[in-house]
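Inspection log for the structure reproduced underneath, given as structure tokens.
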Amino acid sequence: MTPFEMPADETAARAVQDELRGRVVLDEPGPEPGTGLVTGVDVAYDDERDVVAAAAVVLDAATLAVVDEATAVGRVTFPYVPGLLAFREIPTVLAALAALTSPPGLVVCDGYGRAHPRRFGLASHLGVVTGLPAIGVAKNPFLFTYDEPGPRRGDFTPLLADDGEEVGRALRTQEGVKPVFVSVGHRVDLATACAHTLRLAADYRLPESTRRADALCRRALREATT
DNA sequence: GCGACAG
DNA sequence: ATCTTGTCGC
């Protein structure tokens, strides 16, 4: 487990990304969809009091039943800077993951992995630091472009960087609903990442893992703040 | 130089 | 992310 480094400024943060990017593993297919465990992680903030709450929810990949969950509350130690989201979210997320009883299995992040200006987003960073397979499922295309995928669940189009690289996919998880943006984090290939996302988003646009983690970290923040 | 920009 | 009522629809 590579330690998480909290840089002093943005320049140092980018240097950390460049250094860690070389440790991302892209040639493993990843966990078989529908088997084992899948863990959703998410974070909520109270900017007024500089409080941050993270949640990790472990699901049985076959049934989507909740197997375990944990939360962690901390102080905001890094501002939101596009491209540097990991430094704001990961410290507390790591604490929540450490508080789990169950092993996490595949980690599903609310954000990007490879689809990142420096090709090292939140999911890549969390994957490298923990050594766990990780993927990113985001709600917006950020600085990438895509053609509208077909209307059916499972339809997808490539998410393209300005240099033409396919950094992820715009994946339709629900008929006639805006697609989600899937990218590889660590130790999972893109097709497998999309297969997991589709299974996890059987009933809603977003994966059940992130929906559960989102609800839990909001509750944890409210209870820590109230 | 200025604006845009995952959460 | 967060600020936020009612409202449309299953």
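Every chain is numbered from 1 and lettered A, B, ... according to where its sequence line falls, protein lines coming before strand lines.
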Summary of salt bridge (charged side-chain N to carboxylate O under 4.0 Å, His left out) pairs that have at least one residue in residues 183-194 of chain A, sequence neighbours excluded: A:Glu28-A:Arg187
Same apolar cluster (I L V M F W Y, side chains within < 4.5 Å links), A:Val184/A:Val25: no
Under 4.5 Å side-chain heavy-atom separation, chaining through any Ile, Leu, Val, Met, Phe, Trp or Tyr, what else clusters with A:Leu221? Say none if it is isolated. A:Val51, A:Val73
Euclidean distance, A:Thr157 OG1 relative to A:Tyr146 OH, rounded to 0.5 Å: 7.5 Å
Under 4.0 Å from any atom of DNA chain C, heavy atoms only: list the residues of residues 44-57 of chain A that qualify, in numerical order. A:Ala44, A:Tyr45
Which residues pass the side-chain contact (heavy atoms from CB on, under 4.5 Å) test with A:Asp110, sequence neighbours left out? A:Asp42, A:Lys139
So, are A:Arg218 and A:Asp214 salt-bridged, with charged N and O less than 4.0 Å apart? yes
Give me the distances for all protein-to-nucleotides 4-9 of chain C N/O pairs that come in under 3.5 Å?
none

Is any side-chain heavy atom of A:Val137 less than 4.5 Å from a side-chain heavy atom of A:Val108? yes
So, do A:Phe142 and A:Phe181 have ring centers that fall under 6.0 Å from each other? no
Is a donor on one side and an acceptor on the other found under 3.5 Å between the side chain of A:Arg75 and the backbone of A:Arg49? yes
Do any N or O atoms of the protein come closer than 3.5 Å to N or O atoms of nucleotides 2-6 of chain B, and which pairs are they?
unit_1 : atom_1 : unit_2   : atom_2 : d
B:dA6  : OP2    : A:Tyr80  : OH     : 3.4
B:dA6  : N7     : A:Gly83  : N      : 3.2
B:dA6  : N6     : A:Gly83  : O      : 3.1
B:dA6  : N6     : A:Leu84  : N      : 3.4
B:dA6  : N6     : A:Leu85  : N      : 3.1
B:dA6  : N6     : A:His116 : NE2    : 3.3
B:dA6  : N1     : A:Leu122 : N      : 3.2
B:dA6  : N3     : A:Tyr112 : N      : 3.2

Those residues at least two apart in sequence (or on a different chain) that pass side-chain hydrogen bond (donor to acceptor under 3.5 Å, both in side chains) with A:Gln17 are A:Arg118
Results of side-chain contact (heavy atoms from CB on, under 4.5 Å) for A:Arg211 - residues two or more places apart only: A:Tyr204, A:Leu206, A:Glu208
When you compare the side chains of A:Arg21 and A:Ser124, does any donor N or O come within less than 3.5 Å of an acceptor on the partner? no
Could you measure the distance from the CD atom of A:Glu32 to the NE2 atom of A:His196? Nearest 0.5 Å is fine. 7.5 Å
Whole Å only: how far is the CZ atom of A:Arg218 from the P atom of C:dT2? 5 Å
Ignoring hydrogens and angles, write down the donor-acceptor pairs under 3.5 Å from the side chains of residues 78-106 of chain A, residues two or more places apart or on other chains.
unit_1  : atom_1 : unit_2  : atom_2 : d
A:Arg88 : NH1    : A:Phe78 : O      : 3.0
A:Arg88 : NH2    : A:Asp47 : OD1    : 3.4
A:Glu89 : OE2    : A:Tyr45 : OH     : 3.0

Take atom CD of A:Glu89 and atom P of C:dA1, then tell me their distance rounded to the nearest Å. 9 Å
Listed by chain and number, what are the ring-ring contact (aromatic ring centres under 6.0 Å, His included) partners of A:Phe156, not counting sequence neighbours? none
Paired and unpaired positions of DNA chain C as dot-bracket, Watson-Crick or G-U wobble under 3.5 Å, | denoting a partner strand: ..........
Tell me, what's DNA chain B's dot-bracket, Watson-Crick or G-U with both distances under 3.5 Å, | for other-strand, [ ] crossing? .......
